[in-house]
Asker: 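This is the structure, below, for whatever I ask next.
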Amino acid sequence: MIGIIDCNNFYASCERNFMPSLNGVPVVVFSNNDGAIIARSEEAKELGIDMAVPIFEVKKLMKVYNIKGFSSNYTLYGDMSKRIKYIIRKFFSEVEDYSIDESFVSCKGFEYRDLFSYVKDARDKISHWSGVPVTIGVAPTKTLSKLANRIAKKKFRAIGVYIIDSEEKRIDALHTTDIKDLWGVGRRITVRLNKFNIYTAYDLSKVDTDWAKKNFSVVLQRTVYELQGISCIPLELVEPAKQNIASQKSFGIFQTEFEPMAEALANYTARVAEKLRRQGFVAGGITVWLGTNNFSKTDKQYFPEISTVCDVPTDYTPYLIKRAVEGLKVIYRKGYLYKRVGVMLTDLRNNYDGTQNLFHSNSRDKEIEIIRRMDRINRLNGRDTIRSAQQGFNHEWKMRQETLTPKYTTRLSDIIIIK
DNA sequence: TCTGGGGTCCTAGGACCC
DNA sequence: TCTGGGGTCCTAGGACCC
């Protein structure tokens, strides 16, 4: 049996955890740049606030019902996630951290005790100790455990646990689930499946698995097997090495000129390079892209992209910034209203994999020393205390975050002392 | 006026190898 | 005049996830 532990309304619950006055009050969290809704408390859902709606469409509604809205605070959510996962490991020894707010756990070996009371106790303690309520679904496969979790949220909210442990419960869960709500079936596949008269998880569980592979893909074939109760998506207990690290952000206001965008790009590159070093990787390549506002019906659209290979795989920020800005120079055109710029470090490998380029002088040792000291100074004195000149100081492009809460758990200056 | 960001996996087709 | 078969690797694009 496999369990999925899912935090309820995670971002909204994190905000609420540090502001008890928000209990019982409708709360929403905005996407970066305060653009759209990405999390809602139960109360906000009941008031008809949908997921991914642009803020300007619900501004009125928010005012009328006094819905509290917050800019997303990923530093806070990331740290809360770490704490919750630490607690989860007190109750389950085999855990796959699946996303910021979800973990799959193995319930193998629990046949010898009362599975329900063990999971229920774990659920209550994880919720209580972390301050973020969680729900647990348990079933023979990952896909079915997701269904179980959904049922727990919809029908057994107060209990917070649902287990599919009989044929009867499996069939019932399949009948009451629409294919569009299935893990692994998105918008496109839903439309195509509907054309074959497949509307519920039950319909899909009845199709021939070879047919699913032939007409769709192995991905859908696996989903069909999993719905039938045959597990074929295993728990991944070891986190696979990252392949890419990327950063893109929308500008607070449209940009037209090269310089401010190069400045934004240099800053995003500095961020991904830090992340790269923290994880002990070097990057073999770098990709840069630009984009106009794809929602506009009247603006000219332009979404260029360029990929280059580093001379030597590296984690040296000044080099990466130089390459990124060179790339930007190639794809930038005057005359567009730009909405975002992005950068991705690709072809990641361990930094002890010391590939050397025959035609480059061996200056790597010096770079390592420089970057090590820079990271140390910035860690002690704050990010970007030492920065590349290209990163600038103006930052007129920076995203909107008008209702950002403090980084309660991670930044010294934000910790509130109660006397 | 105003619409997020960071990832992964799969597939088909082309280039290339012997 | 007539020109194979089996395989790998890479890339772009599509689809999905939270």
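Proteins come first, then strands; the chains are lettered A, B, ... in the order of their sequence lines, and each starts at number 1.
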Asker: Which residues pass the side chain to side chain contact (heavy atoms under 4.5 Å, CB included) test with A:Asn394, sequence neighbours left out?
Answerer: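 Listed in chain order: A:Glu263.
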
Asker: Return the set of residues passing side chain to side chain contact (heavy atoms under 4.5 Å, CB included) with A:Ile159 (not counting sequence neighbours), or none when no residue passes.
Answerer: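 Expected list: A:Phe116, A:Lys120, A:Phe156, A:Val161.
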
Asker: Within the 4.0 Å heavy-atom criterion, would you say A:Ile37 contacts the bases, only the backbone, or no part of the nucleic acid?
Answerer: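 Nothing, no heavy atom under 4.0 Å.
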
Asker: If I take atom CG in residue A:Asn149 and atom P in nucleotide C:dC18, what distance separates them, rounded to the nearest angstrom?
Answerer: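 Between P of C:dC18 and CG of A:Asn149: 11 Å.
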
Asker: For DNA chain B, determine which residues of residues 136-147 of chain A have any heavy atom closer than 4.0 angstrom to one of its atoms, and list them numerically.
Answerer: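 By residue number: none to list.
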
Asker: Listing request: all salt bridge (Lys or Arg N to Asp or Glu O under 4.0 Å) pairs with a residue in residues 377-400 of chain A, at least two apart in sequence or in separate chains.
Answerer: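 Counting only pairs at least two positions apart or across chains, the salt bridge (Lys or Arg N to Asp or Glu O under 4.0 Å) contacts touching residues 377-400 of chain A are A:Arg271-A:Asp384, A:Glu274-A:Arg383.
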
Asker: Between A:Glu46 and A:Arg40, does any NZ, NE, NH1 or NH2 come within less than 4.0 Å of an OD or OE carboxylate oxygen?
Answerer: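 Salt bridge absent between A:Arg40 and A:Glu46.
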
Asker: Suppose you measure atom P in C:dC18 against the same atom in B:dT3; what distance do you get, rounded to whole Å?
Answerer: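 Their P atoms lie roughly 25 Å apart.
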
Asker: Establish, yes or no, whether the cationic atom of A:Lys339 lies under 6.0 Å from the six-membered ring centre of A:Phe254 and within 45° of the ring axis.
Answerer: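 Yes, A:Lys339 and A:Phe254 form such a contact.
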
Asker: Hey, which of these two, A:Gln248 or A:Ile55, hits DNA chain B nearer its 5' end, going by closest nucleotide?
Answerer: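 It is A:Ile55 whose nearest nucleotide is closer to the 5' end.
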
Asker: Distance-only check: which donor-acceptor pairs under 3.5 Å involve side-chain atoms of residues 232-251 of chain A, not counting sequence neighbours?
Answerer:
| from | atom 1 | to | atom 2 | distance (Å) |
| --- | --- | --- | --- | --- |
| A:Ser247 | OG | A:Lys249 | NZ | 3.2 |
| A:Gln248 | OE1 | A:Trp289 | NE1 | 3.1 |

Asker: Looking at every strand, decide which applies to A:Tyr268 at a 4.0 Å heavy-atom threshold: base, sugar-phosphate, or nothing.
Answerer: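 It contacts nothing in the nucleic acid.
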
Asker: I need the CZ-P distance between A:Phe30 and B:dT3, as an integer number of Å.
Answerer: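 Spelled out: CZ on A:Phe30 to P on B:dT3 is 14 Å.
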
Asker: Using a cut-off of 4.0 Å on non-hydrogen atoms, how would the nucleic acid contact of A:Asp34 be classed: base, sugar-phosphate, or nothing?
Answerer: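 Nothing, no heavy atom under 4.0 Å.
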
Asker: Keeping to residues at least two apart or across chains, list the salt bridge (Lys or Arg N to Asp or Glu O under 4.0 Å) pairs with something in residues 181-209 of chain A.
Answerer: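 As it turns out, the salt bridge (Lys or Arg N to Asp or Glu O under 4.0 Å) pairs with a partner in residues 181-209 of chain A, which skip direct neighbours, are A:Arg150-A:Asp181.
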
Asker: From CH2 of A:Trp289 over to C1' of C:dG13, roughly how many Å is that when rounded to an integer?
Answerer: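 One finds 15 Å between C1' of C:dG13 and CH2 of A:Trp289, rounded.
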
Asker: Under 4.0 Å from any atom of DNA chain B, heavy atoms only: list the residues of residues 56-84 of chain A that qualify, in numerical order.
Answerer: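 DNA chain B contact set from residues 56-84 of chain A: A:Phe56, A:Tyr74.
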
Asker: Is A:Glu94 paired with A:Arg89 through a side-chain N to carboxylate O contact shorter than 4.0 Å?
Answerer: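 Looking at A:Glu94 together with A:Arg89, the answer is no, because their closest N to O distance does not fall below 4.0 Å.
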
Asker: One thing to verify: whether A:Lys169 and A:Asp165 come together as a salt bridge, which I'm taking to mean a side-chain N less than 4.0 angstrom from a carboxylate O.
Answerer: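 So A:Asp165 pairs with A:Lys169 through a salt bridge.
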
Asker: List every contact pair, protein side and nucleotides 7-10 of chain B side both N or O, where the distance is under 3.5 Å.
Answerer:
| from | atom 1 | to | atom 2 | distance (Å) |
| --- | --- | --- | --- | --- |
| B:dG7 | OP1 | A:Lys275 | NZ | 2.9 |
| B:dG7 | OP2 | A:Ala246 | N | 2.5 |
| B:dG7 | OP2 | A:Ala246 | O | 3.4 |
| B:dT8 | OP1 | A:Gln243 | N | 3.2 |
| B:dT8 | OP2 | A:Asn244 | ND2 | 3.2 |
| B:dC9 | OP2 | A:Gln243 | NE2 | 2.9 |
| B:dC10 | OP1 | A:Arg222 | NH2 | 2.8 |

Asker: Checking the side chain of A:Asn23 only, and the main-chain atoms of A:Pro20 only, is there a donor and an acceptor separated by less than 3.5 Å?
Answerer: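 Here the side-chain-to-backbone pair exists.
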
Asker: Got a sec? Which of residues 184-211 of chain A come in under 4.0 Å of DNA chain C, heavy atoms?
Answerer: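 Contacting residues: A:Gly184, A:Val185, A:Gly186, A:Arg187, A:Arg188, A:Ile189.
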
Asker: With sequence neighbours excluded, tell me which residues meet ring-ring contact (aromatic ring centres under 6.0 Å, His included) with A:Tyr202.
Answerer: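 Only A:His175 meet the ring-ring contact (aromatic ring centres under 6.0 Å, His included) criterion with A:Tyr202.
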
Asker: What is the distance from CG of A:Asn293 to C1' of B:dG4, rounded to the nearest Å?
Answerer: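 Rounding to the nearest Å, CG of A:Asn293 and C1' of B:dG4 are 13 Å apart.
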
Asker: Rounded to whole angstroms, how far apart are CH2 on A:Trp183 and P on C:dA15?
Answerer: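 Interatomic distance, CH2 of A:Trp183 to P of C:dA15: 20 Å.
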
Asker: Just to confirm, is there a sub-4.0 Å distance from OP1 or OP2 of B:dG4 to any side-chain nitrogen or oxygen of A:Lys339?
Answerer: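 Indeed not, no polar side-chain atom of A:Lys339 lies that close.
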
Asker: Using atom CG of A:Asn32 as one end and atom P of B:dG4 as the other, report the distance to the nearest whole Å.
Answerer: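 My rounded result for the distance is 10 Å.
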
Asker: Among B:dC2, B:dG6, B:dT3, which nucleotide sits nearest the side chain of A:Phe254?
Answerer: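 Closest of the options to the side chain of A:Phe254: B:dC2.
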
Asker: For A:Phe10 and B:dG6, what is the distance between atoms CZ and P respectively, to the nearest whole Å?
Answerer: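 For the pair A:Phe10 CZ and B:dG6 P, the rounded distance is 17 Å.
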
Asker: Can you tell me which stems DNA chain B forms, taking runs of 3 or more consecutive Watson-Crick or G-U pairs with both distances under 3.5 Å?
Answerer: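 Runs of three or more consecutive pairs: B:5-18 with C:5-18.
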
Asker: Is the closest basic N to carboxylate O distance between A:Asp6 and A:Lys153 below 4.0 Å?
Answerer: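 So A:Asp6 pairs with A:Lys153 through a salt bridge.
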
Asker: One thing to verify: whether A:Glu43 and A:Arg16 come together as a salt bridge, which I'm taking to mean a side-chain N less than 4.0 angstrom from a carboxylate O.
Answerer: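 Judged by the 4.0 Å cut-off on N to carboxylate O distance, A:Arg16 and A:Glu43 do form a salt bridge.
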
Asker: Report yes or no: does A:Thr176 contribute a side-chain atom to a donor-acceptor pair with the main-chain N or O of A:Ala173 at less than 3.5 Å?
Answerer: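 Flag set: sc A:Thr176 to bb A:Ala173 pair under 3.5 Å.
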
Asker: Which residues satisfy the side chain to side chain contact (heavy atoms under 4.5 Å, CB included) test with A:Ser71, sequence neighbours excluded?
Answerer: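 Per chain and number, A:Ser71 pairs via side chain to side chain contact (heavy atoms under 4.5 Å, CB included) with A:Asp34, A:Gln401, A:Thr403, A:Leu404.
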
Asker: Ion pair present between A:Lys68 and A:Glu15, side-chain N to carboxylate O less than 4.0 angstrom?
Answerer: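 Salt bridge flag = no for A:Glu15 with A:Lys68.
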
Asker: Roughly how many Å is it from CE in A:Met399 to P in B:dG5, rounded to a whole number?
Answerer: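 Going from CE in A:Met399 over to P in B:dG5 covers 7 Å.
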
Asker: Does A:Phe216 or A:Asn33 map to a spot on DNA chain B nearer the 5' end, using the closest nucleotide for each?
Answerer: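 Here A:Asn33 is the residue nearer the 5' end.
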
Asker: Can you tell which of A:Arg277, A:Glu367, A:Lys322 makes a side-chain contact (heavy atoms from CB on, under 4.5 Å) with A:Thr317?
Answerer: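 Per the side-chain contact (heavy atoms from CB on, under 4.5 Å) rule, the option paired with A:Thr317 is A:Arg277, out of A:Arg277, A:Glu367, A:Lys322.
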
